Amino acid sequence: MARVSDVDVSQVPEDVRPIYERYAREYGPFLNQVRVFAHRPAALKHIMGLLLELHDDAILSKRYLEIALVVVSTINRCEYCIAHHAPRALEHGLSAEAIGDILSESPDGFDEVDLLVRDYAVQVTNDFNRMRDGVFIELKKHFSEEQIVELTLRIALCGFFNRFNDALQIEMEEGVERTLI
C-alpha cells in the first residue's frame, strides 16, 4: 500500500482534471502514480502536463527514450518504472534479453546509437558532474541539440520518478507485470 492515500479525479480542481484523466487514459498504466501526484495539483498539472506535451511533440525515437528510461530505472532499482517501461521497450524492438542485460557491455541487438544512449543515461544518472565533451561530440553525430536536451531532461526526470515512486511506495496497477529484470 502506498504511504499516502489516493486522490480520485473528482477531488482535484476542475482545471487539472483533464490532465489527470488524459494521463491516466493515454500515457500508460500509471493511474496509481497520478492518484498520488494529485495531492499537489500544481505538480500534477505541470509535471504530468509536461510529459503529455513531450509525448504529443515527440522528437526522439521511442526506442531511444525507452532504452534511457529502462537504464535509469535499472540503476535505481525502481520496480514500478521498470515494470511500466520494459513492455514499451519490447514494443519498440528491444528483446527481453536486451532489457534484462541492459547494463551489460553489449546487450542483445544493440547498435552503436543504442549503446550511446544507454551509456549517456548511465553517465547522467551516475556521473553527471564528470561528463566529458567527447560524449556530446558523439551525441551530436546522431541527435540535434533539441533532442539532446530532451533526452537529458527525460533521463533526469526518470531519476526523479524513481525516487518519488519508491519513497511513497506507489503500488503496481492491476495487470502490470512486476518486472522482466
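Because the structure is predicted, anything quoted here is derived from the model rather than measured.
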Tell me if a side-chain donor or acceptor on [X] pairs with a main-chain N or O of [Y] at a distance below 3.5 Å.
X    : Y    : result
H46  : P41  : no
R77  : S73  : no
R118 : I102 : yes

* Taking the side chain as every heavy atom from C-beta outward, state whether E138 and Y120 have any atom pair closer than 4.5 Å. =>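 Side chain of E138 against side chain of Y120, heavy atoms only: no contact under 4.5 Å found.
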Check your understanding: Which residue pairs satisfy the salt bridge (charged side-chain N to carboxylate O under 4.0 Å, His left out) criterion with at least one member in residues 107-117, sequence neighbours excluded?
Key ->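 Residue pairs passing salt bridge (charged side-chain N to carboxylate O under 4.0 Å, His left out), neighbours aside: R63-D114.
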Going by atom type alone, with no hydrogens or angles, which donor-acceptor pairs under 3.5 Å involve a side-chain atom of residues 169-176 and a protein atom two or more places apart or on another chain?
| from | atom 1 | to | atom 2 | distance (Å) |
| --- | --- | --- | --- | --- |
| E171 | OE2 | M1 | N | 2.4 |
| E173 | OE1 | Y80 | OH | 3.3 |
| E173 | OE1 | H84 | NE2 | 2.7 |
| E173 | OE2 | L31 | N | 3.3 |
| E173 | OE2 | N32 | N | 2.8 |
| E173 | OE2 | Y80 | OH | 2.5 |

Quiz item: E150 and side-chain contact (heavy atoms from CB on, under 4.5 Å): which partner among I155, D57, I59?
Solution: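 Option passing the side-chain contact (heavy atoms from CB on, under 4.5 Å) with E150: I59.
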Test item: side-chain donor near acceptor, Q33 and Y23, under 3.5 Å: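 Note: Q33 and Y23 side chains meet the donor-acceptor criterion.
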Donor-acceptor side-chain pairing of H85 and E66 below 3.5 angstrom:
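Present: a donor and an acceptor within the cut-off.
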Aromatic ring pairing F160/F37, orientation class (parallel under 30°, perpendicular over 60°, tilted between) |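 Aromatic pair F160/F37 classed perpendicular.
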Q. Closest heavy-atom contact between A96 and L90?
A.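 A96 and L90 have their closest heavy atoms at N-CD2, 3.5 Å.
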| task | Provide the closest heavy-atom pair for P107 versus D101 in the form atom of the first, atom of the second, distance. | result |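 So the minimum-distance heavy-atom pair works out to CG-O, 3.6 Å.
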Worksheet item: Between OG of S144 and CG of L139, what distance do you get to the nearest 0.5 Å?
Response: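 Answer for the OG-CG pair, S144 versus L139, is 11.0 Å.
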Enumerate donor-acceptor pairs with a distance under 3.5 Å from any side-chain N or O in residues 11-22 to protein atoms, sequence neighbours excluded.
| from | atom 1 | to | atom 2 | distance (Å) |
| --- | --- | --- | --- | --- |
| Q11 | OE1 | D8 | N | 2.7 |
| R17 | NE | V9 | O | 3.2 |
| R17 | NE | V12 | O | 3.0 |
| R17 | NH2 | S10 | O | 2.9 |
| R17 | NH2 | V12 | O | 3.4 |
| Y20 | OH | V7 | O | 2.7 |
| Y20 | OH | V9 | N | 3.4 |
| R22 | NE | E26 | OE1 | 2.8 |
| R22 | NH1 | D56 | OD2 | 3.1 |
| R22 | NH2 | E26 | OE1 | 3.4 |
| R22 | NH2 | D56 | OD1 | 2.5 |
| R22 | NH2 | D56 | OD2 | 3.1 |

Q: Take L51 and L157, measure what side chain to side chain contact (heavy atoms under 4.5 Å, CB included) needs, and give me the verdict at the end.
A: CA-CA 10 Å; L51 291 175; L157 271 174; 4.2 Å; yes
